[in-house]
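Encoded as structure tokens, the structure appears first; notes follow it.
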Amino acid sequence: MAHFERLFVGLLLVIAAAPAARGEVLEKSRKVAGTTVQYKVVLPAGYDAAKAYPAIIALGGGPQTMNTVDGVLNRNLRAEAEARGYIVIAPAAPDGELFFESGARIFPDFLKAILADYKIQDGKFHIAGPSNGGIAAFHVAAANPQYFLSVTAFPGYMWHPEMKREAEFLRSKGTVARYTVEKGQPHRIETLAGVNASRLFDGFEETKKGCSK
């Protein structure tokens, strides 16, 4: 009996030490709209190329380089995407041209290329990003609305009256629009990072209920 107990405890220790299932991160590049685009793709744990997945276009903040791509993936999106079964595609701005400026020229061709490479649910993406990435997310989605289910910008700049009015205008058109203030948070919001990143994905999944009131 004592021998069995020791064996059982040993098995428990082995199970507890086993690493959690992780997805895969691919670093890629391709020619789009006459320019080479560097980007990363996060694939969920247990990825099956024959299955359709929800997907997010993630745009980094600041200069929108591969460093900021890594930042938004590691802080806000990768872990939760792997766990919930999302694909995340995060491009860097081509030739240093921001996505709310001339870098936006890669869209919609870049989106079409991703749709050819991966099975994306309903052929539409969520798009999200912090700071400059949030501004770019709105810019890209407004120019290509047929490819997007939702737009999430965080934290944005301190334009509270303008953002409140914009959210009210969108709601008046029958869409679901939410504007929140993360009190006590600096520009680098911690209430949407790490374990708190689940809040972003809860927002993405609200679209399953439909986008009208």
Side-chain angles (χ1 to χ4, degrees), residues 39-42 53-62 64 68-69 71-73 75-78 80-81 84 86-93 98-112 114-115 118 120-182 185 187 189 191-193 196-213:
Y39 62 103
K40 287 192 174 182
V41 178
V42 176
Y53 292 86
I56 304 161
I57 299 294
L59 303 179
Q64 301 191 311
T68 64
V69 161
V72 71
L73 292 181
R75 278 176 49 79
N76 306 107
L77 298 174
R78 179 182 174 183
E80 200 72 16
R84 294 205 194 195
Y86 278 69
I87 295 174
V88 184
I89 303 95
L98 300 179
F99 285 124
F100 55 85
E101 296 174 343
S102 56
R105 70 183 183 279
I106 72 166
F107 301 103
D109 290 353
F110 181 73
L111 303 174
K112 293 176 182 177
I114 296 300
L115 290 170
Y118 302 98
I120 305 300
Q121 282 184 0
D122 302 318
K124 293 186 177 184
F125 304 87
H126 303 281
I127 187 168
S131 193
N132 275 355
I135 296 170
F138 273 104
H139 180 78
V140 172
N144 305 277
Q146 68 273 30
Y147 290 98
F148 296 102
L149 293 166
S150 73
V151 183
T152 304
F154 57 98
Y157 291 99
M158 300 300 190
W159 300 331
H160 297 322
E162 292 87 345
M163 293 302 295
K164 283 186 69 175
R165 285 197 298 270
E166 184 66 20
E168 290 165 1
F169 172 78
L170 290 171
R171 284 194 292 269
S172 75
K173 299 298 182 182
T175 64
V176 175
R178 185 174 295 114
Y179 170 64
T180 60
V181 176
E182 300 292 311
Q185 291 295 305
H187 196 68
I189 289 182
T191 52
L192 296 173
N196 298 317
S198 61
R199 295 176 59 203
L200 294 171
F201 284 78
D202 291 344
F204 300 150
E205 293 182 1
E206 280 190 46
T207 60
K208 294 176 182 178
K209 302 173 185 177
C211 291
S212 60
K213 295 180 180 179

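Being a predicted model, the structure only gives us computed values, none of them experimental.
- The two residues A153 and G134 have their closest heavy-atom pair at CB-CA, 3.6 Å.
- Considering CD1 of I57 and CD1 of I114, their distance stands at 6.0 Å, rounded to 0.5 Å.
- Across I135, I106, N132, a single residue satisfies side chain to side chain contact (heavy atoms under 4.5 Å, CB included) together with F99, and that is I106.
- Under the rule for a side-chain contact (heavy atoms from CB on, under 4.5 Å), the partners of A90 that lie at least two apart in sequence or sit in another chain are A58, V69, L73.
- Residues passing the ring-ring contact (aromatic ring centres under 6.0 Å, His included) test with F148, sequence neighbours excluded: none.
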Could you go through residues 120-130 and list every donor-acceptor pair under 3.5 Å that involves a side-chain atom there, pairing it with any protein atom two or more places apart or in another chain?
| unit_1 | atom_1 | unit_2 | atom_2 | d |
| --- | --- | --- | --- | --- |
| H126 | ND1 | S150 | OG | 2.6 |

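- The minimum heavy-atom distance between F201 and N76, with the atom names listed, is CE1-O, 3.9 Å.
- Take Y53 and apply the ring-ring contact (aromatic ring centres under 6.0 Å, His included) test, not counting sequence neighbours, and it matches Y47.
- Between Y39 and F110, the two ring planes are perpendicular [angle over 60°; tilted spans 30° to 60°].
- Looking at heavy atoms from C-beta onward, V72 lies out of side-chain contact with L59 at the 4.5 angstrom threshold.
- Heavy-atom minimum distance, Q64 versus A136: NE2-CB, 3.7 Å.
- Put simply, the side chain of Y86 does not reach to within 4.5 Å of the side chain of V42, judged on heavy atoms.
- Taking all atoms of both residues into account, the shortest heavy-atom contact from R84 to D202 is NH2-OD1, 2.9 Å.
- Contacts of Y147 classified as side-chain hydrogen bond (donor to acceptor under 3.5 Å, both in side chains), with partners at least two apart in sequence or in another chain: none.
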